[in-house]
Undergrad: 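Just dropping this structure here.
In what follows, chains are A, B, ... by sequence order, proteins preceding strands, each numbered from 1.
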Amino acid sequence: MEKTYNPQAIEDKWYQTWEKNGYFNAEQTVEGEESKEDGSRAERENFCIMIPPPNVTGRLHMGHAFQDTIMDAMIRYHRMKGENTLWQVGTDHAGIATQMVVERLINAEGKTRHDYGREKFTEKIWQWKEQSGNTITKQLRRMGASLDWSRERFTMDEGLSTAVTEVFVRLYEEGLIYRGKRLVNWDPVLHTAVSDLEVLSTEESGHMWHMRYPRSNGAGYVVVATTRPETLLGDCAVAINPSDERYSYLLGELLELPLTGRKIPVIADEHVDADFGSGCVKITPAHDFNDYLVWTRHKNKSEIRDLPRGGLINIFDHNAAIRDNEDDVNNIIPDAYIGMDRYAARKQIVADLEAAGLLEKVVDHKLVVPRGDRSNAVIEPYLTDQWYVKVGPLAKPAIEAVENGDIKFVPDNWKNTYFEWMNNIEDWCISRQIWWGHRIPAWYDELGNIYVGYDVDDVRKKNKLPDDFVLRQDEDVLDTWFSSALWPFSTLGWPEKTPELEKYYPTNVLVTGFDIIFFWVARMIMFGLKFMDDVPFREVYVHGLVRDSEGQKMSKSKGNVLDPIDIIDGIDLEALVDKRTSAVMQPHMVERIEKLTRKNFPDGIPAFGTDAMRFTFASLATTGRDVVFAPSRIEGYRNFCNKLWNATRYVLMQTEGKDTGLLTNGNDNTDVALSLADRWIISRLQHVEERIEQHNKNSRLDLIAQDLYAFVWEDYCDWYLELSKPILFNDATPENQQRGTRRTLVRVLETILRLNHPIIPFITEECWQYVAPLAGKTGDSIMIQPYPESDASKIDAKAEKELEWVKTFISGVRRIRSEMDIPPGKPLSLLLQNASDKDKLLYHENQAFIETLAKLAQSEWLDDDDEAPESATALVGEMKILIPLAGLIDKDAELARLEKEINKLQINVDKTTSKLLNKNFVDKAPAAVVDKERSRLAEMTKAVEQLEEQAAKIKKL
RNA sequence: AGGCGCGUAGCUCAGUUGGUUAGAGCGCUUCCUUGACAUGGAAGAGGUCGGUGGUUCGAAUCCACUCGUGCCUACCA
């Protein structure tokens with residue numbers, strides 16, 4: 001094996017090998033598991049995870065890397081457990097995002113998508129997809145993701161498109177999809193409807209205009225306030241609160257709507273808050289969601305019904321400019337404003353009001369502005385024809401599935417978020433006015449009648465329409481989440497009845513961020529229950545959001561994003577600055593981002609390798625909702641990988657070409673003696689295995705990482721490897737003992753590698769290739785080896801206790817050495833006093849361990865009443881370790897040291913004493929707890945006594 | 001306004017159904033190139049677990065209130 005750990009040298013190599021050999025694919029078996037006694041294969045559990053499909057033209061960010069690490073660790077674990085695993089891979093077409101990217105490319109040519117036309121433009125997107133589509137898959141491979149590439153899917157591929165059509169047609173036929181004219185969130189830049197979830201509302205400063213609406217009887221005016229004065233053109237009423245007596249006299253009156261020559265009524269509606277503003281609200285039903293609701297409550301009253309368009313007056317075109325009157329009978333829109341952009345119109349209208357003396361005042365006002373998450377344009381409520389899914393009937397069973405435990409959220413309280421949304425759910429607007437996506441399978445005849453079917457021929461057949469009957473397909477496409485919602489079954493071949501569906505649906509766990517519980521999780525549950533009659537997954541594992549080292553959410557616009565590949569391969573500062581600043585649209589941010597980057601990464605990012613990154617993510621996978629990714633953290637786990645690497649090198653040096661307990665026929669040599677250290681590490685290993693199994697059940701990757709880290713570094717490297725040296729470096733050690741230790745070294749290491757493999761696949765594979773044969777393992781890859789399981793018969797409580805004694809002894813000597821400034825290399829002689837027979841036996845049995853690790857020259861036993869020379873003291877239970885001062889040790893320093901230790905103990909002695917004096921405690925606490933306290937107290941009291949005795953002795957000198 | 005969460009060592013976080021001497025990584029201090037590893041070894045400092053009150057023999061853990069903080073949802077024109 002190479003002397004230094006170099007992740008670059010091993011990672012690509014192993015990924016290619018794994019993929020080439022088909023280990024990632026479903027149906028892969030674990031070596032040694034295929035043949036049970038009778039030669040048949042045992043019935044296997046299936047374990048399936050669907051990858052949340054990333055945007056096909058995007059790049060993976062740290063959040064994906066985090067998520068993929070979690071999924072891969074789960075999948076590798078279950079694969080090694082012998083289950084039939086499928087990690088379904090694929091991407092989605094990300095309608096608006098992808099269309100925008102390609103439009104930008106076209107804009108650079110000085111053209112728009114309309115210059116290309118729909119067909120040519122979508123061709124262009126397909127080309128772009130081909131060109132950029134493997135960015136994601138390359139990244140996934142670099143991260144070691146063991147995805148089944150043979151089953152890769154794309155939401156726009158033929159099969160998945162078939163599924164989309166099928167779902168649309170069925171829902172339409174059941175009346176669960178309908179077309180309606182409603183207010184939607186309209187993005188006037190992208191010219192499409194967007195869902196509530198795609199609108200981000202932020203507080204911005206603006207103004208509140210107080211406008212005067214004259215009473216038609218000439219007796220003064222009514223003041224209404226608005227943040228959008230241009231919408232006055234679409235007003236249908238002014239509303240007051242029914243119980244607001246200040247204005248009750250106005251009811252039934254008409255007001256002059258300024259600048260329009262129209263008259264509008266005053267109505268009473270509960271929606272109005274009498275205490276806000278003037279208490280009078282203008283009602284613009286075609287441009288405000290609340291006003292629309294007010295209108296629906298009043299639309300049948302004659303004063304509203306008799307207004308143009310029944311009061312529902314649209315004033316904008318699809319650019320949010322003031323529309324033309326062409327299709328109106330009675331010229332609702334004043335000519336002066338036609339064609340003006342909404343903000344130009346606002347300015348003009350305010351000026352005209354002012355000129356007419358109808359502007360009371362303008363005040364600064366903080367308001368919440370809705371913006372499109374893609375375009376950042378201010379969203380307008382806009383009246384359009386759209387397709388909707390009637391969600392109520394679908395939501396009910398979806399809520400029940402979580403209530404009755406068919407689906408479990410992890411951590412559990414995310415279900416509250418889910419219920420919150422599902423209980424207040426509204427119909428889902430699924431049509432988008434863009435070109436990239438699944439075209440809606442609906443056709444119109446010249447009278448506007450709607451026909452829905454699988455394709456145009458189907459429509460003709462079903463409706464007995466002749467071939468020359470003119471039909472025009474709906475121009476719109478479906479929301480991307482519509483196809484994503486089918487992902488858990490469409491990828492498995494639905495609507496065909498495939499063996500895959502039979503096997504893998506419902507999937508086991510969905511791993512996702514809490515930010516898309518609404519977008520995606522809820523919709524998958526609804527559609528899964530509807531079309532598969534079963535939940536899409538049994539468990540939803542919700543992880544946190546990855547933030548930068550300052551706790552900020554990572555985003556391109558903030559310029560604090562990291563590319564997982566740059567963590568793996570490293571990147572120099574200039575390249576990183578370049579990468580971050582070039583992704584930013586607003587030039588004024590560039591400077592700030594550059595400064596931030598130079599501050600946080602003064603030396604760029606070193607190459608940490610995939611394994612170190614993965615271990616870091618694993619350790620960060622706590623139940624919290626924030627995941628703070630600090631470079632120092634990866635460094636620590638890179639060091640862990642290095643530690644494992646070097647431990648392996650040590651083991652190989654001790655075992656390669658030597659007897660590790662294997663006979664030439666491959667069987668175990670039974671003439672093997674195990675040292676205390678051997679028995680101890682084997683016993684400890686069982687505990688770790690058990691804990692890890694428990695953590696896996698609880699999906700606590702962070703705790704797995706923590707246990708693995710501690711076991712490898714502390715138990716195995718710091719103690720066990722050091723304890724193996726006195727045995728192996730001493731030629732006098734009997735052969736069967738050396739054999740025992742070598743065997744334990746390799747076998748425990750081999751197990752450690754398998755335990756770690758799901759988290760750090762590359763380094764474990766590389767090491768395993770060397771270690772496995774020495775441990776008597778055959779097989780081509782660690783990936784398909786069984787995952788270690790705890791064996792209770794190997795737990796050796798006695799060995800654990802005895803080795804604890806040895807450790808205490810060694811640590812005691814080391815502490816004195818360190819605190820007394822005795823060089824670590826200087827061999828010490830010591831005296832042992834107050835020893836029991838047991839102490840003596842333990843010492844003799846473990847003399848080699850103790851003398852080597854504590855660096856001792858010799859030890860001498862004193863009788864209890866022997867006079868000891870002035871010494872520094874440590875305790876092992878009741879036995880005293882005495883290190884004679886003999887010019888080595890400063891008397892005062894030793895006194896101070898003893899005092900400190902006594903004080904520490906005394907505090908606990910006091911605490912425990914008062915506890916035991918409390919009658920209630922002794923009576924009511926479980927006997928075991930009380931006993932424990934009692935023996936603790938005895939131990940500590942004894943220790944204090946001995947230390948005090950020792951202190952007194954030194955003082956006397 | 002409603003909902004959810006968080007507040008434990010300088011920093012980032014664990015702490016399973018209330019019962020240890022409250023832990024880890026990074027950082028910090030001292031010493032050490034000992035034949036796996038200086039991406040290392042040994043030893044150590046550092047916390048009244050946000051505050052108050054309660055339940056209990058016993059609270060970081062359960063309850064109430066409170067302060068601070070974050071997110072989500074809905075928002076007053």
Undergrad: In whole Å, measure the gap between the C1' atoms of B:C13 and B:U8 for me.
TA: 9 Å
Undergrad: Determine the interatomic distance between C1' on B:U29 and the same-named atom on B:G10; round to the nearest Å.
TA: 14 Å
Undergrad: Tell me the interatomic distance from A:Asp707, atom CG, to B:U16, atom C1', rounded to whole angstroms.
TA: 12 Å
Undergrad: What residues form a salt bridge (Lys or Arg N to Asp or Glu O under 4.0 Å) with A:Glu851, not counting sequence neighbours?
TA: none
Undergrad: Can you check nucleotides 54-60 of chain B for protein contacts, nitrogen or oxygen pairs under 3.5 Å, and list what you find?
TA:
| from | atom 1 | to | atom 2 | distance (Å) |
| --- | --- | --- | --- | --- |
| B:C57 | OP1 | A:Lys924 | NZ | 2.3 |
| B:C57 | O2' | A:Asn918 | ND2 | 3.0 |

Undergrad: Which nucleotides of nucleotides 2-14 of chain B have their base under 4.0 Å from a protein heavy atom (B), which only their sugar-phosphate (S), and which neither (-), written as one string 5' to 3'?
TA: --BS------BSS
Undergrad: With rounding to the closest Å, how many angstrom separate the C1' atoms on B:U73 and B:U16?
TA: 32 Å
Undergrad: Checking all strands, does A:His210 fall into the base, sugar-phosphate, or nothing category for heavy-atom contacts under 4.0 angstrom?
TA: nothing
Undergrad: Counting runs of three or more consecutive pairs, Watson-Crick or G-U wobble, with each distance below 3.5 Å, where are the stems of RNA chain B?
TA: B:1-7 with B:67-73, B:10-13 with B:23-26, B:28-32 with B:40-44, B:50-54 with B:62-66
Undergrad: Just list the side-chain donor-acceptor pairs under 3.5 Å for residues 641-651 of chain A, sequence neighbours left out, or say none.
TA:
| from | atom 1 | to | atom 2 | distance (Å) |
| --- | --- | --- | --- | --- |
| A:Asn642 | OD1 | A:Asn646 | ND2 | 3.3 |
| A:Trp645 | NE1 | A:Glu2 | O | 3.1 |
| A:Asn646 | OD1 | A:Arg649 | NH1 | 2.9 |
| A:Asn646 | ND2 | A:Asn642 | O | 3.0 |
| A:Thr648 | OG1 | A:Leu644 | O | 2.8 |
| A:Arg649 | NH1 | A:Lys3 | O | 3.3 |
| A:Tyr650 | OH | A:Ser724 | OG | 2.7 |

Undergrad: Verify whether one side chain among A:Asp702 and A:Ser619 offers a donor that lies under 3.5 Å from an acceptor in the other.
TA: no
Undergrad: Summarise protein proximity over nucleotides 36-45 of chain B in one line of letters, 5' to 3': B for base, S for sugar-phosphate only, - for none, counting protein heavy atoms closer than 4.0 Å.
TA: BB-BSSSSSS
